[in-house]
2 protein chains.
Amino acid sequence: MPELLRWHARLGGAGVRATRKRVLVLEALLAEARPITARQVHAELLQRGEPIGLTTVYRAMSSLVDAGLVHAFNQDGEATYRVCGPARHHHLICRACGLVLEQAAERRPDGFEVEAVYGVCAACVRPALSEQDFDAPRDQPGRPRKRNAGADERD
Amino acid sequence: MPELLRWHARLGGAGVRATRKRVLVLEALLAEARPITARQVHAELLQRGEPIGLTTVYRAMSSLVDAGLVHAFNQDGEATYRVCGPARHHHLICRACGLVLEQAAERRPDGFEVEAVYGVCAACVRPALSEQDFDAPRDQPGRPRKRNAGADERD
DNA sequence: TTACAGCTTGACAATGGTTTTCGTTTTCTA
DNA sequence: TAGAAAACGAAAACCATTGTCAAGCTGTAA
Ligand SMILES: [Zn+2]
Ligand SMILES: [Zn+2]
Ligand SMILES: [Zn+2]
Ligand SMILES: [Zn+2]
(Lines give C-alpha, C1' and ligand atoms only; values in the text may rest on other atoms or scores of the structure.)
(Ligands and ions follow the chains in the order given, each with its own letter.)
Protein backbone atom coordinates (compact mmCIF):
# COMPACT_ATOMS: atom_id res chain seq x y z
CA MET A 1 0.00 0.00 0.00
CA PRO A 2 2.49 2.62 -1.16
CA GLU A 3 -0.27 5.21 -1.27
CA LEU A 4 -0.62 5.32 2.48
CA LEU A 5 3.12 5.32 3.00
CA ARG A 6 3.48 8.38 0.83
CA TRP A 7 1.08 10.28 3.08
CA HIS A 8 2.96 9.12 6.13
CA ALA A 9 6.16 10.39 4.60
CA ARG A 10 4.70 13.78 3.81
CA LEU A 11 3.34 14.05 7.32
CA GLY A 12 6.59 13.00 8.95
CA GLY A 13 8.57 15.34 6.76
CA ALA A 14 6.57 18.21 8.22
CA GLY A 15 7.13 17.08 11.79
CA VAL A 16 3.57 15.81 12.14
CA ARG A 17 3.12 12.31 13.47
CA ALA A 18 0.80 10.08 11.47
CA THR A 19 -1.50 9.14 14.30
CA ARG A 20 -4.50 6.91 13.79
CA LYS A 21 -7.01 9.74 14.11
CA ARG A 22 -5.16 12.03 11.76
CA VAL A 23 -4.98 9.31 9.13
CA LEU A 24 -8.70 8.70 9.52
CA VAL A 25 -9.43 12.36 8.92
CA LEU A 26 -7.11 12.38 5.92
CA GLU A 27 -8.87 9.33 4.47
CA ALA A 28 -12.22 11.02 4.88
CA LEU A 29 -10.92 14.05 3.01
CA LEU A 30 -9.40 11.92 0.24
CA ALA A 31 -12.82 10.43 -0.41
CA GLU A 32 -14.28 13.81 -1.29
CA ALA A 33 -13.76 15.74 -4.51
CA ARG A 34 -14.74 19.06 -3.01
CA PRO A 35 -14.01 20.61 0.36
CA ILE A 36 -16.03 19.52 3.36
CA THR A 37 -16.44 20.87 6.87
CA ALA A 38 -14.98 19.47 10.06
CA ARG A 39 -18.49 18.57 11.14
CA GLN A 40 -19.03 16.53 7.98
CA VAL A 41 -15.80 14.63 8.49
CA HIS A 42 -16.78 14.02 12.08
CA ALA A 43 -20.18 12.64 11.07
CA GLU A 44 -18.73 10.39 8.37
CA LEU A 45 -16.16 8.87 10.70
CA LEU A 46 -18.77 8.20 13.37
CA GLN A 47 -20.94 6.54 10.74
CA ARG A 48 -17.99 4.34 9.77
CA GLY A 49 -17.84 3.22 13.37
CA GLU A 50 -14.69 5.19 14.12
CA PRO A 51 -15.16 7.05 17.39
CA ILE A 52 -13.60 10.52 17.30
CA GLY A 53 -14.25 13.86 18.91
CA LEU A 54 -15.10 16.96 16.96
CA THR A 55 -12.30 18.80 18.71
CA THR A 56 -9.87 16.20 17.46
CA VAL A 57 -11.13 16.62 13.91
CA TYR A 58 -10.48 20.35 14.11
CA ARG A 59 -6.99 19.74 15.44
CA ALA A 60 -6.26 17.13 12.80
CA MET A 61 -7.30 19.64 10.15
CA SER A 62 -4.90 22.14 11.61
CA SER A 63 -2.06 19.61 11.55
CA LEU A 64 -2.80 18.54 7.99
CA VAL A 65 -2.88 22.15 6.88
CA ASP A 66 0.42 22.78 8.63
CA ALA A 67 1.90 19.77 6.88
CA GLY A 68 0.80 21.21 3.54
CA LEU A 69 -1.40 18.23 2.64
CA VAL A 70 -4.67 20.06 3.04
CA HIS A 71 -5.88 23.54 2.17
CA ALA A 72 -8.60 25.39 4.01
CA PHE A 73 -11.35 27.50 2.49
CA ASN A 74 -14.24 29.57 3.67
CA GLN A 75 -17.55 28.58 2.19
CA ASP A 76 -20.77 30.16 3.43
CA GLY A 77 -19.07 31.38 6.54
CA GLU A 78 -17.59 28.08 7.67
CA ALA A 79 -14.25 26.46 7.16
CA THR A 80 -13.94 23.65 4.61
CA TYR A 81 -10.96 21.45 3.86
CA ARG A 82 -9.62 19.55 0.88
CA VAL A 83 -6.50 17.57 0.02
CA CYS A 84 -4.38 19.49 -2.47
CA GLY A 85 -1.37 18.74 -4.66
CA PRO A 86 2.17 19.69 -3.64
CA ALA A 87 2.70 22.30 -6.37
CA ARG A 88 2.30 25.94 -5.40
CA HIS A 89 -1.08 27.13 -6.53
CA HIS A 90 -4.12 29.16 -5.69
CA HIS A 91 -7.80 28.27 -5.99
CA LEU A 92 -10.96 28.98 -7.88
CA ILE A 93 -13.85 28.41 -5.50
CA CYS A 94 -17.42 28.18 -6.79
CA ARG A 95 -19.90 29.54 -4.31
CA ALA A 96 -22.75 27.74 -6.08
CA CYS A 97 -21.56 24.13 -6.13
CA GLY A 98 -18.55 24.28 -3.83
CA LEU A 99 -16.12 23.00 -6.45
CA VAL A 100 -12.49 24.01 -6.01
CA LEU A 101 -10.02 24.16 -8.89
CA GLU A 102 -6.27 24.46 -8.44
CA GLN A 103 -4.63 27.15 -10.55
CA ALA A 104 -0.96 27.83 -11.23
CA ALA A 105 0.48 30.52 -8.97
CA GLU A 106 -0.34 33.91 -10.40
CA ARG A 107 0.75 37.48 -9.90
CA ARG A 108 -1.37 40.00 -11.74
CA PRO A 109 0.16 42.74 -13.92
CA ASP A 110 -0.68 45.26 -11.20
CA GLY A 111 1.42 43.29 -8.72
CA PHE A 112 -1.47 41.78 -6.79
CA GLU A 113 -0.62 38.26 -5.68
CA VAL A 114 -3.66 36.01 -5.99
CA GLU A 115 -4.39 33.50 -3.25
CA ALA A 116 -8.06 32.66 -3.70
CA VAL A 117 -10.69 33.52 -6.30
CA TYR A 118 -14.33 33.22 -5.29
CA GLY A 119 -17.05 33.23 -7.91
CA VAL A 120 -19.22 30.94 -10.00
CA CYS A 121 -17.78 28.15 -12.10
CA ALA A 122 -18.61 27.71 -15.78
CA ALA A 123 -20.99 24.82 -15.15
CA CYS A 124 -22.95 26.85 -12.61
CA VAL A 125 -22.99 30.07 -14.64
CA ARG A 126 -24.60 28.54 -17.71
CA PRO A 127 -28.02 27.59 -16.34
CA ALA A 128 -28.61 31.05 -14.91
CA LEU A 129 -32.14 30.89 -16.25
CA SER A 130 -33.99 29.18 -13.43
CA GLU A 131 -34.39 30.44 -9.91
CA GLN A 132 -34.93 26.95 -8.55
CA ASP A 133 -32.56 24.04 -8.59
CA PHE A 134 -34.14 22.14 -11.46
CA ASP A 135 -31.78 21.97 -14.41
CA ALA A 136 -28.81 22.30 -12.09
CA PRO A 137 -25.49 20.94 -13.35
CA ARG A 138 -25.82 17.17 -13.31
CA ASP A 139 -22.32 16.08 -12.54
CA GLN A 140 -22.11 18.52 -9.61
CA PRO A 141 -24.74 17.83 -7.00
CA GLY A 142 -24.17 21.17 -5.33
CA ARG A 143 -23.97 21.78 -1.63
CA PRO A 144 -26.96 22.91 0.35
CA ARG A 145 -26.99 26.67 0.70
CA LYS A 146 -26.93 28.12 4.15
CA ARG A 147 -28.18 31.17 5.93
CA ASN A 148 -26.82 34.41 4.57
CA ALA A 149 -26.59 33.12 1.02
CA GLY A 150 -27.86 36.48 -0.13
CA ALA A 151 -26.68 39.17 -2.47
CA ASP A 152 -23.35 39.71 -0.78
CA GLU A 153 -20.21 37.79 -1.41
CA ARG A 154 -19.06 37.02 2.06
CA ASP A 155 -17.23 33.77 1.34
CA MET B 1 -26.33 69.29 -0.17
CA PRO B 2 -26.89 67.30 -3.34
CA GLU B 3 -24.51 64.60 -2.13
CA LEU B 4 -26.84 63.48 0.59
CA LEU B 5 -29.84 63.65 -1.69
CA ARG B 6 -28.19 61.32 -4.15
CA TRP B 7 -27.80 58.70 -1.46
CA HIS B 8 -31.40 59.16 -0.44
CA ALA B 9 -32.45 58.66 -4.03
CA ARG B 10 -30.43 55.47 -4.38
CA LEU B 11 -31.88 54.14 -1.16
CA GLY B 12 -35.44 55.00 -2.08
CA GLY B 13 -35.04 53.51 -5.52
CA ALA B 14 -34.28 50.18 -3.90
CA GLY B 15 -37.29 50.34 -1.60
CA VAL B 16 -35.15 51.13 1.43
CA ARG B 17 -36.20 54.08 3.56
CA ALA B 18 -33.47 56.57 4.38
CA THR B 19 -33.93 56.56 8.11
CA ARG B 20 -31.74 58.55 10.44
CA LYS B 21 -29.84 55.54 11.72
CA ARG B 22 -29.21 54.13 8.27
CA VAL B 23 -27.86 57.46 7.07
CA LEU B 24 -25.59 57.60 10.10
CA VAL B 25 -24.20 54.18 9.27
CA LEU B 26 -23.75 55.18 5.64
CA GLU B 27 -21.88 58.31 6.67
CA ALA B 28 -19.58 56.29 8.88
CA LEU B 29 -18.82 54.00 5.95
CA LEU B 30 -18.24 56.91 3.58
CA ALA B 31 -15.53 58.21 5.91
CA GLU B 32 -13.47 55.05 5.50
CA ALA B 33 -11.35 54.11 2.51
CA ARG B 34 -11.29 50.44 3.36
CA PRO B 35 -13.96 48.13 4.69
CA ILE B 36 -14.76 48.19 8.39
CA THR B 37 -16.75 45.93 10.68
CA ALA B 38 -20.18 46.56 12.12
CA ARG B 39 -18.58 46.83 15.54
CA GLN B 40 -16.25 49.58 14.33
CA VAL B 41 -19.14 51.55 12.87
CA HIS B 42 -21.02 51.09 16.11
CA ALA B 43 -18.10 52.37 18.17
CA GLU B 44 -17.52 55.39 15.93
CA LEU B 45 -21.14 56.46 16.07
CA LEU B 46 -21.26 56.15 19.85
CA GLN B 47 -18.10 58.23 20.03
CA ARG B 48 -19.76 60.87 17.88
CA GLY B 49 -22.52 60.99 20.44
CA GLU B 50 -25.02 59.19 18.22
CA PRO B 51 -26.73 56.49 20.25
CA ILE B 52 -27.33 53.35 18.20
CA GLY B 53 -27.58 49.64 18.90
CA LEU B 54 -25.21 47.11 17.42
CA THR B 55 -28.19 45.14 16.16
CA THR B 56 -29.36 48.19 14.27
CA VAL B 57 -25.94 48.61 12.70
CA TYR B 58 -26.07 45.03 11.46
CA ARG B 59 -29.54 45.56 10.03
CA ALA B 60 -28.53 48.84 8.42
CA MET B 61 -25.64 47.05 6.75
CA SER B 62 -28.02 44.46 5.40
CA SER B 63 -30.31 47.16 4.00
CA LEU B 64 -27.44 49.09 2.43
CA VAL B 65 -26.15 45.92 0.83
CA ASP B 66 -29.62 45.13 -0.49
CA ALA B 67 -29.83 48.63 -1.91
CA GLY B 68 -26.53 48.06 -3.72
CA LEU B 69 -24.75 50.95 -2.04
CA VAL B 70 -22.48 48.81 0.07
CA HIS B 71 -20.57 45.61 -0.56
CA ALA B 72 -19.70 43.10 2.11
CA PHE B 73 -16.46 41.20 2.50
CA ASN B 74 -14.99 38.63 4.80
CA GLN B 75 -11.73 39.64 6.39
CA ASP B 76 -10.14 37.50 9.07
CA GLY B 77 -13.36 35.66 9.64
CA GLU B 78 -15.59 38.68 10.21
CA ALA B 79 -17.80 40.70 7.92
CA THR B 80 -16.58 44.08 6.72
CA TYR B 81 -18.45 46.66 4.67
CA ARG B 82 -17.54 49.42 2.25
CA VAL B 83 -19.40 51.83 -0.03
CA CYS B 84 -18.92 50.87 -3.65
CA GLY B 85 -19.59 52.46 -7.01
CA PRO B 86 -22.67 51.66 -9.08
CA ALA B 87 -20.79 49.96 -11.94
CA ARG B 88 -20.77 46.16 -11.97
CA HIS B 89 -17.43 44.99 -10.63
CA HIS B 90 -15.62 42.53 -8.48
CA HIS B 91 -12.95 43.08 -5.83
CA LEU B 92 -9.32 42.57 -5.06
CA ILE B 93 -9.03 42.19 -1.29
CA CYS B 94 -5.64 42.38 0.42
CA ARG B 95 -5.47 40.17 3.47
CA ALA B 96 -2.45 42.08 4.76
CA CYS B 97 -3.67 45.69 4.81
CA GLY B 98 -7.39 45.24 4.17
CA LEU B 99 -7.41 47.39 1.07
CA VAL B 100 -10.16 46.69 -1.46
CA LEU B 101 -9.85 47.58 -5.14
CA GLU B 102 -12.77 47.55 -7.55
CA GLN B 103 -12.11 45.71 -10.79
CA ALA B 104 -14.12 45.65 -14.00
CA ALA B 105 -16.40 42.65 -14.24
CA GLU B 106 -14.43 39.68 -15.48
CA ARG B 107 -15.16 36.24 -16.85
CA ARG B 108 -12.09 34.09 -17.22
CA PRO B 109 -11.36 32.19 -20.44
CA ASP B 110 -12.41 28.98 -18.71
CA GLY B 111 -15.84 30.47 -18.04
CA PHE B 112 -15.34 31.08 -14.33
CA GLU B 113 -17.09 34.26 -13.27
CA VAL B 114 -14.99 36.16 -10.75
CA GLU B 115 -16.66 37.78 -7.75
CA ALA B 116 -13.86 38.27 -5.26
CA VAL B 117 -10.09 37.83 -5.38
CA TYR B 118 -8.28 37.47 -2.06
CA GLY B 119 -4.53 37.86 -1.89
CA VAL B 120 -1.80 40.38 -1.14
CA CYS B 121 -1.67 43.75 -2.85
CA ALA B 122 1.44 45.07 -4.57
CA ALA B 123 2.33 47.42 -1.73
CA CYS B 124 2.17 44.60 0.80
CA VAL B 125 4.00 42.04 -1.34
CA ARG B 126 7.11 44.16 -1.79
CA PRO B 127 8.39 44.39 1.78
CA ALA B 128 8.24 40.64 2.31
CA LEU B 129 11.61 40.87 4.00
CA SER B 130 10.72 41.57 7.62
CA GLU B 131 8.71 39.36 9.91
CA GLN B 132 7.69 42.26 12.11
CA ASP B 133 5.70 45.30 11.23
CA PHE B 134 8.61 47.71 10.93
CA ASP B 135 9.03 48.89 7.37
CA ALA B 136 5.38 48.30 6.66
CA PRO B 137 3.84 50.24 3.77
CA ARG B 138 3.65 53.83 4.97
CA ASP B 139 0.55 55.06 3.19
CA GLN B 140 -1.41 52.04 4.31
CA PRO B 141 -1.47 51.68 8.07
CA GLY B 142 -2.70 48.12 7.86
CA ARG B 143 -5.27 46.55 10.08
CA PRO B 144 -4.27 44.61 13.16
CA ARG B 145 -4.12 40.94 12.39
CA LYS B 146 -6.31 38.61 14.31
CA ARG B 147 -6.28 35.06 15.53
CA ASN B 148 -5.95 32.44 12.85
CA ALA B 149 -3.72 34.56 10.63
CA GLY B 150 -1.79 31.41 9.86
CA ALA B 151 -0.76 29.52 6.77
CA ASP B 152 -4.24 28.94 5.45
CA GLU B 153 -6.28 31.27 3.34
CA ARG B 154 -9.57 31.28 5.12
CA ASP B 155 -10.75 34.72 4.18
C1' DT C 1 11.00 -3.94 30.97
C1' DT C 2 10.30 0.42 33.39
C1' DA C 3 9.96 5.24 33.99
C1' DC C 4 9.38 9.46 32.41
C1' DA C 5 8.50 13.29 29.29
C1' DG C 6 5.83 14.88 25.87
C1' DC C 7 2.38 14.49 22.50
C1' DT C 8 -2.51 13.25 21.63
C1' DT C 9 -7.25 12.79 22.67
C1' DG C 10 -11.98 14.27 23.95
C1' DA C 11 -15.65 15.96 27.08
C1' DC C 12 -16.85 20.26 28.44
C1' DA C 13 -16.77 25.14 28.85
C1' DA C 14 -15.82 29.48 26.87
C1' DT C 15 -15.48 32.74 23.02
C1' DG C 16 -17.21 35.97 19.77
C1' DG C 17 -19.49 37.45 15.65
C1' DT C 18 -24.08 37.36 14.03
C1' DT C 19 -29.06 36.60 14.16
C1' DT C 20 -33.69 36.13 16.62
C1' DT C 21 -36.97 37.57 19.64
C1' DC C 22 -40.12 40.65 21.28
C1' DG C 23 -41.76 44.73 23.27
C1' DT C 24 -41.29 49.74 22.36
C1' DT C 25 -40.74 53.70 19.37
C1' DT C 26 -40.81 56.05 15.10
C1' DT C 27 -42.52 56.96 10.49
C1' DC C 28 -45.74 57.00 6.75
C1' DT C 29 -50.26 57.67 5.11
C1' DA C 30 -55.09 58.30 5.18
C1' DT D 1 -55.07 62.70 14.61
C1' DA D 2 -55.48 57.70 14.17
C1' DG D 3 -53.87 53.19 12.77
C1' DA D 4 -50.70 50.25 10.28
C1' DA D 5 -46.24 49.21 9.07
C1' DA D 6 -41.52 49.64 9.57
C1' DA D 7 -37.55 50.45 12.45
C1' DC D 8 -35.22 50.16 16.76
C1' DG D 9 -32.64 48.01 20.66
C1' DA D 10 -31.73 45.11 24.80
C1' DA D 11 -31.31 40.65 25.75
C1' DA D 12 -31.17 35.96 24.53
C1' DA D 13 -30.16 32.46 21.20
C1' DC D 14 -27.15 30.59 17.81
C1' DC D 15 -23.18 28.16 16.25
C1' DA D 16 -18.57 27.40 14.40
C1' DT D 17 -14.42 27.39 16.56
C1' DT D 18 -11.01 27.41 20.32
C1' DG D 19 -9.37 26.81 25.20
C1' DT D 20 -8.99 23.85 29.27
C1' DC D 21 -7.58 20.01 31.61
C1' DA D 22 -7.46 15.34 32.96
C1' DA D 23 -6.66 10.84 31.01
C1' DG D 24 -4.43 7.99 27.43
C1' DC D 25 -0.77 6.91 24.31
C1' DT D 26 4.12 6.80 22.29
C1' DG D 27 8.87 6.85 22.02
C1' DT D 28 13.09 6.69 24.29
C1' DA D 29 16.61 6.35 27.82
C1' DA D 30 18.08 3.95 31.76
ZN1 LIG E 1 -4.87 23.90 -2.71
ZN1 LIG F 1 -20.08 25.58 -9.64
ZN1 LIG G 1 -17.85 46.69 -4.60
ZN1 LIG H 1 -2.09 45.34 1.06
Side-chain angles (χ1 to χ4, degrees), chain A residues 8 11-12 14-26 28 35-43 45-46 50-67 70 72-81 143-155, chain B residues 8 11-12 14-26 28 35-43 45-46 50-67 70 72-81 143-155:
Chain A
H8 279 241
L11 280 171
V16 173
R17 290 209 302 225
T19 64
R20 165 161 181 71
K21 308 287 182 170
R22 286 210 262 255
V23 171
L24 282 172
V25 169
L26 180 55
I36 56 178
T37 65
R39 186 171 301 275
Q40 284 176 280
V41 169
H42 181 237
L45 289 180
L46 289 189
E50 300 283 1
I52 191 172
L54 181 55
T55 307
T56 302
V57 174
Y58 274 108
R59 276 189 295 232
M61 292 301 189
S62 179
S63 297
L64 293 171
V65 168
D66 288 349
V70 166
F73 311 95
N74 187 332
Q75 299 183 306
D76 299 310
E78 57 191 320
T80 60
Y81 306 89
R143 310 184 310 125
R145 299 291 84 192
K146 286 193 52 181
R147 69 192 148 79
N148 211 8
D152 60 318
E153 63 189 10
R154 280 174 42 208
D155 301 314
Chain B
H8 279 240
L11 279 170
V16 173
R17 291 210 300 230
T19 64
R20 164 162 184 70
K21 308 287 181 167
R22 286 210 262 256
V23 172
L24 282 173
V25 170
L26 180 55
I36 55 179
T37 65
R39 185 171 302 276
Q40 283 176 280
V41 169
H42 181 238
L45 290 180
L46 290 190
E50 300 285 1
I52 191 173
L54 181 56
T55 307
T56 302
V57 175
Y58 274 108
R59 276 189 294 231
M61 293 299 190
S62 178
S63 298
L64 294 171
V65 168
D66 288 349
V70 166
F73 311 95
N74 187 333
Q75 299 184 306
D76 299 311
E78 56 191 321
T80 60
Y81 306 88
R143 309 184 310 125
R145 297 291 84 191
K146 288 193 52 182
R147 69 193 148 79
N148 210 8
D152 60 319
E153 64 188 12
R154 278 172 43 206
D155 305 315

Interatomic distance where [atom1] belongs to [X] and [atom2] belongs to [N] [whole Å]:
| X | N | atom1 | atom2 | answer |
| --- | --- | --- | --- | --- |
| A:Leu64 | C:dT8 | CG | P | 12 Å |
| A:Asn74 | D:dT17 | CG | P | 8 Å |
| A:Gln75 | D:dC15 | CD | C1' | 18 Å |
| A:Leu45 | C:dT9 | CG | P | 12 Å |
| B:Arg39 | C:dT15 | CZ | P | 14 Å |
| B:Arg22 | D:dG9 | CZ | P | 12 Å |
| B:Asp76 | D:dT17 | CG | P | 15 Å |
| B:Leu46 | D:dG9 | CG | C1' | 12 Å |

Is the shortest heavy-atom distance from the side chain of [X] to the side chain of [Y] under 4.5 Å?
| X | Y | answer |
| --- | --- | --- |
| B:Val25 | B:His42 | no |
| B:Leu64 | B:Tyr81 | no |
| A:Leu24 | A:Arg20 | yes |

(request) Please assess B:Leu46 against B:Glu50 for the test side chain to side chain contact (heavy atoms under 4.5 Å, CB included), listing each intermediate value before the final yes or no. (result) CA-CA 5 Å; B:Leu46 290 190; B:Glu50 300 285 1; over 6 Å; no
(request) Work out which heavy atom in A:Leu45 is nearest to a heavy atom in A:Ala28; give both atom names and the distance. (result)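 What the structure gives for the nearest pair is CD2-CB, 4.3 Å.
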(message) Which residues pass the side chain to side chain donor-acceptor pair (under 3.5 Å) test with B:Ser63, not counting sequence neighbours?
(response)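 With sequence neighbours excluded, B:Ser63 shows a side chain to side chain donor-acceptor pair (under 3.5 Å) to B:Arg22, given in chain and number order.
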(request) Please round to the nearest 0.5 Å and tell me the distance separating atom OG1 of A:Thr37 and atom OH of A:Tyr58. (result)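 OH of A:Tyr58 is found 7.0 Å from OG1 of A:Thr37.
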(message) List the residues meeting side chain to side chain contact (heavy atoms under 4.5 Å, CB included) with A:Thr56, not counting sequence neighbours, and say none if there are none.
(response)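 Applying side chain to side chain contact (heavy atoms under 4.5 Å, CB included) to A:Thr56 gives A:Lys21, A:Ile52, A:Arg59.
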(message) Quick check on contacts: within residues 54-63 of chain B, what sits under 4.0 Å from DNA chain D by heavy-atom distance?
(response)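 Nucleic-acid contacts, sorted: B:Thr55, B:Thr56, B:Arg59.
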(message) For a quick test of reading the model: is some side-chain N or O of A:Lys21 closer than 4.0 Å to OP1 or OP2 of D:dC25?
(response)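 For D:dC25, OP1/OP2 do not have a side-chain N/O of A:Lys21 under 4.0 Å.
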(message) Base contacts versus sugar-phosphate-only contacts with protein, heavy atoms under 4.0 Å: please encode nucleotides 24-30 of chain C as B, S and - from 5' to 3'.
(response) ----S--
(message) Under a 3.5 Å threshold, yes or no: a donor from one side chain and an acceptor from the other, between A:Gln75 and A:Thr80?
(response)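 The answer is yes; a qualifying pair exists.
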